[in-house]
Amino acid sequence: MSLDPAVALTVRYGLTLLLAAAATHKLAQPALFRATVAEYQLLPPAWVAVAASLIVAAEVALLLLLLTGSTPRLTSFGLVLILALYSSAIAVNLARGRSAIACGCIGGASAALSSALLWRNLGFAVAALMLQLPEQDRPLVWLDWLTVT
């Protein structure tokens with residue numbers, strides 16, 4: 001099974017936009033993001049700032065890898081890993097009955113935790129896994145670029 005190059009580009013650019021929006025919000029409001037990470041109550045307080053910084057660094061690194069198109073399989077694996085991390089944090093807090101936490105996804109008005117976020121992350125992970133497939137070897141034509149756009 002192989003992936004059409006127009007579909008591959010659409011997935012790659014879509015995930016790039018997602019990560020760009022997420023990383024931009026976290027970089028623009030680092031204190032808010034650290035507070036969100038702390039609110040999940042999954043880490044000792046001394047680790048929150050380091051974890052928040054590592055999350056942002058991972059998002060930026062994955063964003064750069066998506067932009068360059070280099071190592072698509074490694075990038076895909078990294079995306080699935082970070083989405084699994086986010087989903088685990090959400091699931092733990094939902095199991096604790098703590099849904100009134102801002103997800104910290106994108107923007108200051110992030111959504112409260114819900115099972116819908118878990119399904120959304122699963123959809124993004126499936127999209128990221130598509131990048132594991134080899135691309136068909138065919139040139140892109142103008143209609144492909146219109147589709148990607």
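Each residue takes its place number in the sequence, starting with 1.
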Next on the checklist: As a quick check of understanding, evaluate side chain to side chain contact (heavy atoms under 4.5 Å, CB included) for L63 and L66, giving each step before the final call.
Outcome noted: CA-CA 5 Å; L63 170 64; L66 281 168; 5.6 Å; no
Does [X] share a hydrophobic cluster with [Y], counting links as ILVMFWY side-chain heavy atoms below 4.5 Å and allowing steps through other members?
X	Y	result
L18	L27	yes
L19	L15	yes
V80	L83	no
L62	I55	yes
V48	Y86	yes

For a quick test of your reading: what N or O donor-acceptor pairs under 3.5 Å do the side chains of residues 118-134 make, sequence neighbours left out?
{"residue": "N121", "atom": "ND2", "partner": "S87", "partner atom": "OG", "Å": "3.2"}
{"residue": "Q132", "atom": "NE2", "partner": "R73", "partner atom": "O", "Å": "2.9"}
{"residue": "Q132", "atom": "NE2", "partner": "S76", "partner atom": "OG", "Å": "3.2"}

Anything under 3.5 Å between a donor and an acceptor, one on a side chain of residues 30-38, the other on a protein residue two or more places apart or in another chain? List them.
{"residue": "T36", "atom": "OG1", "partner": "L32", "partner atom": "O", "Å": "3.0"}

Checklist entry - Does R98 use its side chain to pair, donor to acceptor, with the backbone of E39 at less than 3.5 Å? => result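 Flag set: sc R98 to bb E39 pair under 3.5 Å.
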Which atom pair, heavy atoms only, marks the closest approach of [X] to [Y]?
X	Y	answer
R96	Y40	NH1-O, 3.2 Å
T10	T147	OG1-O, 4.3 Å
Q136	S2	CG-OG, 3.0 Å
L94	S99	CD2-CB, 3.9 Å
I82	A58	CD1-CB, 3.9 Å
L3	V7	CD1-CG1, 3.7 Å

Checklist entry - Can you tell me how far the SG atom of C103 sits from the CG atom of N93, to the nearest 0.5 Å? => result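 Spacing of SG (C103) from CG (N93) equals 12.0 Å.
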Checklist entry - Measuring from I90:CD1 to L113:CG, what's the distance to the nearest 0.5 Å? => result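 Here the interatomic distance stands at 6.0 Å.
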Item to check | Verdict with reasoning, L140 to L9, per side chain to side chain contact (heavy atoms under 4.5 Å, CB included) | outcome: CA-CA 10 Å; L140 293 172; L9 271 179; 3.4 Å; yes
Next on the checklist: Apply side chain to side chain contact (heavy atoms under 4.5 Å, CB included) to residues T75 and R12 and explain how you reach the verdict.
Outcome noted: CA-CA 10 Å; T75 306; R12 200 171 99 212; over 6 Å; no
Checklist entry - Among all residues two or more places apart in sequence or in another chain, which pass the side chain to side chain donor-acceptor pair (under 3.5 Å) test with T149? => result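 Scan of T149 (side chain to side chain donor-acceptor pair (under 3.5 Å), adjacent residues dropped) gives none.
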